[in-house]
J.: 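Quick one: the structure is below, and I'll ask about it shortly.
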Amino acid sequence: MYIMAGMTMSVPVGRVTVPSTKLVVAAAATVASSRSCINSLSNNHNVSASCSSASSSGSLASSAMSGTKLSLASLVRAPMAKPVGRAGGEISAMTVTIPQKLRGADLNGAPKEKHSQAVHSLSPEKRELFNSLEDWAESTLLPYLKPVDKCWQPQDYLPDPSSEGFMDEVKELQERAAGLPDDYLVCLVGDMITEEALPTYQSMLNTLHGTRDETGASPSPWGIWTRAWTAEENRHGDLLNKYLYLTGRVDMRQIEKTIQYLIGSGMDPQTESNPYLGFVYTSFQERATFISHGNTARHAKNFGDAKLATVCGLIAADEKRHENAYSKIVEKLFELDPEGAMLAFAEMMRKKISMPAHLMYDGQNEQLFDDYSLVAQRTGVYTARDYADIMEHLVNRWNVASVQGLSSEAQKAQEYVCSLPPRIRKLDERAQAKVKKGPKAGSFSWIFNREFTLL
Ligand SMILES: [Fe+2]
Ligand SMILES: [Fe+2]
């Protein structure tokens, strides 16, 4: 049985409250305009409309340089989705998906989101398909997991508090970390906080019909995968958290507050309890984290902290293995049900892949995620261009362009996803060109509000 919820069309609204930023966001338009462009593309707006959005971002960037506080919410257009069909489902009624961030007293001002959407869109037939894939999941998916005794553990890369040399090792770690610039630290903290919200991601996987862990300790290969994936991921936030704590350069209390707020806020990636959508989302996200941790590894090496480079590199390697596993599931869906897989891929791209920690809040800065995204963009840790590159990678990984025998609706979806990466790239280049001017500085509570210059 499946249930349709939220069938009504809502009026799009942005954030209710106006952010008071601590970041001098002259360059905020970089991210915002890229996001607007992606939003526009995701929702079939034409190119000229997208570019006018980019240009208005540029003028706001100028006002930011003169000290005006910005609300990025004003830059992000509310999307009106044009459905291309229900991925893996039979629901024909239109569901309008409207991302919103609202603030609620229940979370002491932390952001929360509500979407008007289907929450159960997998048809009984598609659910049966996942049941029939249990043997496949056991033989093909589970081998992507590593046995615990072959896995690295955070303690392997941290000073040993039981050893006599502990204090010396901490001192060495702190000396190495002293050379890490503040903007880089902000990226590392943001990545760590994202990893630390792991309970949210396990919850998300356990919303998916046909693959969720029905009991909490289900012997089904899908349940085994979800728990073991979570257990592997748990080491990421753990290691980064302890490493950053030992550097002595970050405000751990502010970071811990941010993690608490973030887990409390949760996340709705708009996957509708539908594993077709869910595994497109996880394929994308694992690759995004692979790129981000890979870049923080590369930068750590350049800044002279080879041990931190190893830490980030290890995490990136895990993300890559997880990406391969999730991509393998979607590859199988393309093999067994190309129509449903194509519609799912297009649907997630139209909705836009929301970043897992986009509701982050430290109790002070209401546009914390936008500011963190901006720093990641400017330092090259994760950029709007990466979004297009990931899409293109997945299009190639699943041989999307060569899928045959599709209905006209799925052919349209195919054309859409294949044309999207170059379009996003083109719009991003135009947006970037408009905002690369003027001095930019930022400060975050995570680093005791030290002010730093943005590249
Ligand atoms: Fe991770
Ligand atoms: Fe991951």
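Counting convention: from 1, in listed order, for ligands and their atoms alike. All residue numbers refer to positions in the sequence shown, counting from 1. Only a predicted model underlies this, so the values are computations on that prediction, with no experimental measurement involved.
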J.: Looking at residues at least two apart in the chain, or sitting in another chain, which of them share a ring-ring contact (aromatic ring centres under 6.0 Å, His included) with Y281?
T.: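 Not a single residue meets the ring-ring contact (aromatic ring centres under 6.0 Å, His included) criterion with Y281.
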J.: Looking at R253 and E256, is there a salt bridge between them, counting it only when a charged N and a carboxylate O are closer than 4.0 Å?
T.: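 No, E256 and R253 are not salt-bridged.
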J.: For the NZ atom on K301, are there more than 12 heavy atoms of other groups (residues, nucleotides or ligands in this structure) within a distance under 6.0 Å?
T.: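 No, NZ of K301 has 12 or fewer neighbouring heavy atoms, counting only those of other groups under 6.0 Å.
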J.: Taking the six-membered ring for Trp, are the ring centroids of Y361 and F369 within less than 6.0 Å of each other?
T.: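 Ring centroids of Y361 and F369 are no less than 6.0 Å from each other.
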J.: Could you list the residues that satisfy ring-ring contact (aromatic ring centres under 6.0 Å, His included) with F303, not counting sequence neighbours?
T.: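 Here the qualifying residues are Y184.
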J.: With the Fe ion (ligand 2) as the centre, enumerate protein N/O/S atoms below 2.8 Å in chain and residue order.
T.: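 Checking every protein N, O and S atom gives E233 OE2, E286 OE1, E319 OE1.
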J.: Y382: what forms a ring-ring contact (aromatic ring centres under 6.0 Å, His included) with it, not counting sequence neighbours?
T.: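 Y382: no ring-ring contact (aromatic ring centres under 6.0 Å, His included) contacts found.
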